[in-house]
Amino acid sequence: MKLFPIKGGIHPEYRKELTSEKPIVALPIPSVLYLPVQQHMGAAASTVVKVGDVVLKGQMLARGQGVVSAPVHAPTSGKIVEIAEMTAPHPSGLPMLTIVLEADGKDQWADLPAPIADPFAESTQVIRARVGESGIVGLGGATFPSAVKLGLGDKNKLEILLLNGAECEPYLTCDDRVMREYAAEVIDGARIMAHALGAPQVVIAIEDNKPQATEAMRKAASAQPNVTIVGVPVQYPMGAERHLTQAVTGRETPARKLTADVGVVVHNVATARAIHHAVRFGRPLLSRVVTVSGHGIKEPKNIEVPLGTPINDLLGFCGGINGQIKRLVSGGPMMGQPIVDTAVPVVKGTSGVLALTGDEVNERPTQPCIRCGTCVSICPCGLVPVEMAALIRNERLEEAAAIGLQDCVSCGSCSYICPSYVPLVHYFNYAKGRLNALDRERRKTEQTKALVEARNARLERVAQAKRDAAARAKAQSQNSDVNKADA
């Protein structure tokens, strides 16, 4: 299959060898699980249980709200002991409503939805409904509700389901191991997704540094003529959906548009496996594979982890911390976020937990920008990071947005390559967050203004009605007086 070059990108150190040959192992059920009601993009789920309830494995604990949302299920059986605001697995450390489940050790299943024996004979709506009620979200890190994404075929003519097996971040090997060990499940899930999307072709893209995964997937897909396995160059950020789409199809996604607008929908390989389980067995998303790695970990592993497991439990299962660590990261080193508290839980978007030493982090003091232009040459989005950063430092956020800030995918390539160690991506993340906050404030102000105007208009209508009624009463009174005088 012909491949196409993508602009920019970098080649960070591999560092996957720490776990690439470590098969997936299951973590024993922790004694207590902490389940935030928002583990996805969109609206938070609404709790449907209360403190004291006894629940079974797979039972819904919180129901999705609105179009873009996802439910949360019990990863094991036990008792709800608390529902409260707790520290969220987010760099802000802000509290989030969390359901606390005390495991009973029985791991007893609830009654699950009946398996769909032949999903290809069912309507796309049936498949989407099953995926939605199973709480499945994008497991590559974006956590967008998968059922919503499977509906993109309603408004777009889709030609390709592109399954992302690139896993371009250093250290992370969870997708690699999923493809090696569960290739048949991934292929089946991909075919079900393509059916729901109405896409006639499935392409699974795997970086060339994963030959065993590529071979396993090719073997599993050998009987499926509409499924193609393609190797893509080892280049960060090859896993970004727009760049992967361009590399595989040659189609460039316009700014402010989706890949669906060019006929392609991208999903992660682990998401495909989760959809296989939901459709074939009725199982909701209760766990995920997490890579625990870094030279600060005594025993790096790939682990199937129940959602809600505290990070502490994960570290303990891997032998604990190995000496002094400089940084603890959720996700990969390029786009991951610092872990502010090891008591926070694994959630649906947790692909990795990295304990990095000082040598791995390689932090150095920021120096003045030397205007070398390196960040411009490697930006995969064709932006000018040095100019955007200068505008943001001076709080000229709208001007930064005008030259492409919102097109930045926060891949961190510019920060990685900068010879002056300027934390460019931090500026961009700050600015995007600030602009989003300003936009919310603006919309809130406009909504308040509209409400005030509507109230004033309503009061004016009431006052006018009273004036009209008074005028009519006065006219009637005058007419009555005239009639009496004539009589």
Side-chain angles (χ1 to χ4, degrees), residues 23-24 26 40 56-60 64 70-77 107-140 144-151 153 161-165 174-175 177-204 213 216-227 229 265-289 304-307 348:
I24 298 167
H40 53 270
L56 298 175
K57 184 176 182 177
Q59 181 176 331
M60 186 181 292
V72 177
H73 300 80
T76 189
S77 56
D107 204 34
Q108 184 178 352
W109 281 95
D111 291 332
L112 299 179
I116 300 175
D118 185 2
F120 305 104
E122 294 288 351
S123 68
T124 59
Q125 288 77 15
V126 169
I127 302 300
R128 288 180 216 157
R130 172 60 60 87
V131 171
E133 69 190 18
S134 299
I136 298 172
V137 303
L139 297 179
F144 193 83
S146 298
V148 179
K149 209 168 181 180
L150 289 178
L161 165 63
L162 179 55
L163 221 57
N164 183 359
C174 50
D175 287 349
R177 295 307 312 188
V178 163
M179 289 186 287
R180 290 201 218 182
E181 299 180 42
Y182 304 110
E185 295 181 3
V186 174
I187 296 297
D188 184 60
R191 294 181 62 235
I192 292 169
M193 295 160 78
H195 170 67
L197 287 162
Q201 187 178 4
V202 177
V203 177
I204 303 174
M217 294 291 282
R218 281 189 174 141
K219 183 177 179 181
S222 60
Q224 306 300 334
N226 68 325
V227 179
I229 312 299
V265 169
V266 183
H267 277 278
N268 176 264
V269 290
T271 308
R273 179 186 175 223
I275 288 175
H276 161 80
H277 287 163
V279 172
R280 296 292 189 182
F281 306 105
R283 298 174 190 161
L285 181 61
L286 306 180
S287 65
R288 66 155 299 142
V289 180
E304 183 90 39
V305 183
L307 299 176
K348 296 177 183 181

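Hydrogens, waters and symmetry mates play no part in the numbers below; they use all other heavy atoms, side chains included.
- The nearest pair of heavy atoms linking G282 to L112 is O-CB, 3.7 Å.
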(request) Show the numbers, then the answer: is there a side-chain contact (heavy atoms from CB on, under 4.5 Å) between L150 and H267? (result) CA-CA 9 Å; L150 289 178; H267 277 278; 3.8 Å; yes
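- Residues V289 and V305 fail the side-chain proximity criterion, which asks for heavy atoms closer than 4.5 Å.
- Within the 4.5 Å cutoff, no side-chain heavy atoms of K57 are placed close to those of Q108.
- Taking CD1 from I204 and CE from M179, the interatomic distance works out to 9.0 Å, rounded to the nearest 0.5 Å.
- Checked against ring-ring contact (aromatic ring centres under 6.0 Å, His included), H195 has the following partners two or more places apart in sequence or in another chain: F120.
- Side-chain atoms of L162 and V265, non-hydrogen and from C-beta on, never get closer than 4.5 Å to each other.
- We find the CD-CD1 distance between E122 and I127 to be 6.5 Å, quoted to the nearest 0.5 Å.
- For K149 (side chain) and V266 (main-chain N/O), a donor-acceptor pair under 3.5 Å exists by modelled atom type.
- In this structure the side chain of M217 reaches within 4.5 angstrom of the side chain of I187, judged on heavy atoms.
- Looking at T124 and R128, their side chains do bring a donor and an acceptor atom within 3.5 Å of each other.
- Nearest heavy atoms, P71 versus H73: CG-CE1, 3.7 Å.
- Considering all non-hydrogen atoms of both residues, L139 and A270 come closest at CD1-O, 3.6 Å.
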(request) Check step by step if side-chain contact (heavy atoms from CB on, under 4.5 Å) holds for V178 and R180. (result) CA-CA 6 Å; V178 163; R180 290 201 218 182; over 6 Å; no
(message) Pair R130, I116 - check side-chain contact (heavy atoms from CB on, under 4.5 Å), show working.
(response) CA-CA 9 Å; R130 172 60 60 87; I116 300 175; 3.9 Å; yes
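- The list of salt bridge (charged side-chain N to carboxylate O under 4.0 Å, His left out) pairs with a residue in residues 265-281, not counting sequence neighbours, reads E185-R273, D188-R280, R273-E304.
- With hydrogens and angles ignored, the 3.5 Å screen pairs no side-chain donor or acceptor of R288 with any backbone N or O of L307.
- Taking each heavy atom of V131 and S146 in turn, the nearest pair found is CG1-CB, 3.9 Å.
- The CD atom of Q224 sits 10.5 Å away from atom CD1 of I229, with the distance rounded to the nearest 0.5 Å.
- Taking 4.5 Å as the limit, some side-chain heavy atom of V186 sits within range of a side-chain heavy atom of L163.
- Contact detail for A194 and V202: the closest heavy-atom pair is CB-CG2, 3.6 Å.
- Using a 4.5 Å heavy-atom threshold, the side chains of M60 and V72 count as separate.
- Here the side chains of L56 and Q59 are in contact, with some heavy-atom distance below 4.5 Å.
- Between Y182 and H276, the distance from one ring center to the other does not fall under 6.0 angstrom.
- Residues L285 and S134 are not in side-chain contact: their nearest non-hydrogen atoms beyond the backbone lie 4.5 Å or more apart.
- Between P306 and P75, the closest heavy-atom pair is CB-CB, 4.2 Å.
- Rounding to the nearest 0.5 angstrom, the gap separating the CG atom in L161 from the CZ atom in R191 is 12.0 Å.
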